[in-house]
Every structure is written in C-alpha cells, then in structure tokens.
Trainee: 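Got a structure for you, written out below as structure tokens; questions coming shortly.
Note on naming: letters A, B, ... go to the chains in the order of the sequence lines (proteins, then strands), and numbering restarts at 1 for each one. All values below come from the heavy atoms of this structure, side chains included, with hydrogens, waters and symmetry mates left out.
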Protein chains: 2
Amino acid sequence: MKRGEKTRQKILDSAEKLFAKRGYHGVTIRQITEDAKVDTALANYHFGSKRNLFDAVLLRRAEELNKVRLEKLEEIEAAAENGVASLEDIIDAFSHPLLDRSERGGPGWKSYFALIAQINNSPEWGGKLMTEYFDPLVRRFIAALKRALPEAHEEDIYWSYHFFSGALVLTYAETGRIDNLSDGKVHSSDLDAVQLRMPPFIAAGFRRLCETSGPKS
Amino acid sequence: MKRGEKTRQKILDSAEKLFAKRGYHGVTIRQITEDAKVDTALANYHFGSKRNLFDAVLLRRAEELNKVRLEKLEEIEAAAENGVASLEDIIDAFSHPLLDRSERGGPGWKSYFALIAQINNSPEWGGKLMTEYFDPLVRRFIAALKRALPEAHEEDIYWSYHFFSGALVLTYAETGRIDNLSDGKVHSSDLDAVQLRMPPFIAAGFRRLCETSGPKS
DNA sequence: AATGAAATTCAATGAACGTTGAAATAAGTT
DNA sequence: AACTTATTTCAACGTTCATTGAATTTCATT
C-alpha cells in the first residue's frame, strides 16, 4: 500500500457515508475530514476538489459491481441450452449482486447503495452520472431481455426495464418507509425477502407487457 | 387574494423549481428570491426559515393530490358490484392523478413530482417526510389491495406495493435515462405511454406474488 | 545519517450562507 | 387626510464554505 493510501480510503469511507445520508450539497469537506479524523486540507490534497471526491466515491465500487453482474449474466446464458437465459434468471443476475452486497458487504456497501438510490432519482445527477457509470452494463442486460422475449415490441421492453429499475432502486434506498406502512410486518432492511420476491414479480410484469400484442390486452 | 399572497406564491414557485433541480441543500434563499424577482429578505419574512419554506412547497400540492386520489379510489370501489375494485383499477387510481398532473398540469406540477421523486429515495427525507404527507392515503390503498387479493399473505402485499411505488416514483422523476438507454426509442416524458403499461405490468406482478402460496412458486 | 519527495499540518483567504433589525413604502381603515 | 398595519427594501450580522500556500513532518531510498 502506498504512503497516503490509508488516508485516501478513510476519506472515501467518510465521504461515502455522509454523502449517502445528506447528499452532495448537504455535506461539507470539513464534516468529511472530521469524520475521517484527518486534516481538512487532505481532502483537497488527495482528490483535488469536493466534486472529484464525489466522483471517486461513486467510481470506487462501480467497477466491481459491473464486473460481477456481467459475469453472472454470461454464466446463466452459458448454462442455458440455447444460450437464452430465462427472464427470472436475468432479473436475478441484475439485482442479486446489489442486494447481496448491501445485505452482507458491510456498512460501506450499504452507504454506497443508499447514495446511488438518491442520485438515481435526482435530475442533477440521475441522467448524466448514472448513464456514465452503468449504461454499458444495462444495455447488455437489455439485449439479454430482448432475446428472452423475442416477440416483444422494443418499447415494452424498455418500459418494463424501467419499472424493474425503479423497484430495485427504491429497495436498496432502504428508507424504512415500508416498515412504518406495514406497522413492522415487513422490514426494508430484509433484502433476502426481496431477493425471493423480485424475480417472480418483475418477470410476471415483463411477460404480461411483452408477450401480448400491445399494452392494452 | 390577500396583500402579500402574490409574493408568497412567486417564492413558492421558484423554490419548487429550484429544489426540484438541486435538492434542499443545493439551493440558496438568494437563488430562490432572485428567481422569483423579489427581495432576499422576503423568503424569511413570509416563511420564517428556509426549512419552513421547503415544507410549504411540499404541502401546497399534497393536499389536492391526496384528495383526488382518495376520491378516485372510492369511485371505483363504489362502481364495483361487490365493493371490491379490480387490481388494475386500484393501480390506476393510485398512479393516474400523479402522471396526469405531471403531463398536463404545467411546469409547477412537473417540478413538484421531480422533487418528490428525489426526496422519496433519500434517507434524510424519505422516511419521515413522505410518511407524514402520504401515509394515510397509502394505507387506504393497501386496504383496497388486500380486499382485491383476499388470499394473499400480508408481506407479499407490502412488498408488491413497494415495487409498485418504486416504479411509479422513478417514472415521474423523469431523469431521461431511459431516453439514452433506448437511443430515443422511448421518452421518459411520455407519461401517457406509462399510464398504458403500468397497470398491467404491476397487476401481473401482484397476482404472481400474492395469488400463489408463497413467493417461490 | 543524509537526502528529497510525499504527505500532513496550520493559518488564512475571499465568497457565500441564512437570518435579522431598522427604515421606507404601500395599502386598507377610520 | 390621518392613522395603522402589512409588506418590502436595504444593509449588515456572524458563521461557515471550499480551497490554497507555506511551513512542517514523515518516510522510503540512498
């Protein structure tokens, strides 16, 4: 490990945690460096600017994420006899790596997903930043979905994916709202419960929309 | 209209627009009052504090929204012969008032929904604020869903609603990401296309999850 | 041990922040 | 027209912001 690397990682960890809680504008460099127990000036020394630090936080885990999701997709396609994976498997390959890391990857991953959930729905970052980090992978998944639903109109695939994406992102936002709504009968932190339910729910939606002629039927 | 009411509304309009674009912490009182073309001090004079102004923005349209959504639900329940509305109708009653106002209600409504989408997925506001403004209505809808799916386990209803909610919220966030992904084949601003597809997609998910014994089948 | 670069500390910068009090203006009431 | 109250303007408050330059310390390499 290089000389300043421990400091760099401590700053990234604190930035990740605080950005996840209050967003980019809701956190100051001073709060981050105080949480990391390092001098205020070190954030700018290591990352150049607050905005660069934000990008570094997003990038750090995005690469691993994209890699493992792609591997999972290729795996299930290789296992399918005709090279076309099932809808349920595609949905699982897309969501499982995220939910699994949020559930069992430690607090850093949990913060990371909370941050992604937040910026995903914001006009300031949602379009540009998310596109930059995740679109190549998503395009690959959509290609798989098209093969799994060969009769589908393209628009129905895109809207179905869009619904899927929204459901998934709200899940790992873990705002706890469903806990209140259900009076404690379900817990937003119980991502294993989601893993069980997301593929059948979403796959059924895809089939209803994409296997019939047009959205009305 | 009372004396300062025009100023109040101009401040609310500008605050709504700017908060939607960059979030609570990303906007300053000075930017808001400059956009509204009023003196800086007037925001504090009329609303007391920045935070109170934020709440006032959220509250302004929430009441109308809750009212019309509840009316729609009661309407379809009254029209159903046994008082139990269909899944598709419930989903439509929940989402249509939102999507319709975002599409045809003018730029203020569009900003409002973008703002709601943003804070819905944030830990800072998502749990507490959303609960405060919308939970009573959501509980009413969940009761209707339970009646439409009498065999369902409660947990499956809550998780299905959760997926529904995530899909809906991402829709009216309108970040434009789906536009890029589809190379312009679909447009995130085409909410009529969503109105057509959301009820069948979501209803199929509900049925798959809630009409079978457990999530695995 | 000496050297030199990298990392860290310290103090300070100018700018912008939310908020406020006092003065000025506008409008409704008598 | 005089009075009263609500609204608006103006200037400033103290605080905090991201960032920086210079001084100091740390550490790997000689």
Trainee: Rounded to the Å, how far apart are A:E5 CD and D:dT26 C1'?
Mentor: 17 Å
Trainee: Nearest whole angstrom, please: distance from the P of D:dT19 to the CD1 of A:I32.
Mentor: 11 Å
Trainee: Report yes if the side chains of A:N120 and B:L170 come closer than 4.5 Å at any heavy-atom pair, otherwise no.
Mentor: yes
Trainee: Expressed in angstrom and rounded to an integer, what is the separation of A:R22 atom CZ from D:dC17 atom P?
Mentor: 10 Å
Trainee: Can you tell me how far P of D:dT20 sits from CG of A:N52, to the nearest Å?
Mentor: 11 Å
Trainee: Starting the side chain at C-beta, find the nucleotide from D:dC10, D:dT7, D:dT20 nearest to B:A41.
Mentor: D:dC10
Trainee: B:N44 side chain N/O closer than 4.0 Å to the phosphate oxygens (OP1, OP2) of C:dT19?
Mentor: yes
Trainee: I want to verify a distance call: between D:dT7, D:dC17, C:dC10, whose nearest atom is closest to the A:T28 side chain?
Mentor: D:dC17
Trainee: Taking the ring centre of each residue, are B:F201 and A:W159 less than 6.0 Å apart?
Mentor: no
Trainee: Of all heavy-atom pairs between A:K185 and B:E155, which one has the smallest distance, and what is that distance?
Mentor: O-CG, 4.2 Å
Trainee: Answer yes or no: side-chain N or O of A:R3 and base N or O of C:dA6 forming a donor-acceptor pair under 3.5 Å.
Mentor: yes
Trainee: Would you mind reading off the distance between B:L42 atom CG and D:dC10 atom C1', rounded to a whole angstrom?
Mentor: 11 Å
Trainee: Compare side-chain N and O positions of B:H25 against OP1 and OP2 of C:dC17 and report whether any pair is under 4.0 Å apart.
Mentor: no
Trainee: Using only side-chain N and O atoms of A:T7, determine if any of them is under 4.0 Å from OP1 or OP2 of C:dT8.
Mentor: yes
Trainee: Roughly, in whole Å, what's the span from OH in A:Y45 to C1' in C:dT9?
Mentor: 13 Å
Trainee: The side chain of B:K50 is closest to which nucleotide in this list: D:dT8, D:dT19, C:dT19?
Mentor: C:dT19
Trainee: Measure the distance from CD1 on A:I11 to P on D:dA18 and round it to the nearest whole Å.
Mentor: 14 Å
Trainee: Let me know which of B:D190, B:L196, B:V194 forms a side-chain contact (heavy atoms from CB on, under 4.5 Å) with B:D192.
Mentor: B:D190
Trainee: Looking at A:Y161 versus A:F94, is the centre-to-centre ring distance below 6.0 Å?
Mentor: yes
Trainee: Take atom CD of B:E34 and atom P of D:dT9, then tell me their distance rounded to the nearest Å.
Mentor: 14 Å
Trainee: With a cut-off of less than 4.0 Å, is there a side-chain N or O of B:H46 near OP1 or OP2 of D:dT8?
Mentor: yes
Trainee: Quick one: on DNA chain C, does A:R30 or A:D39 contact a more 5' nucleotide (nearest heavy atom)?
Mentor: A:D39
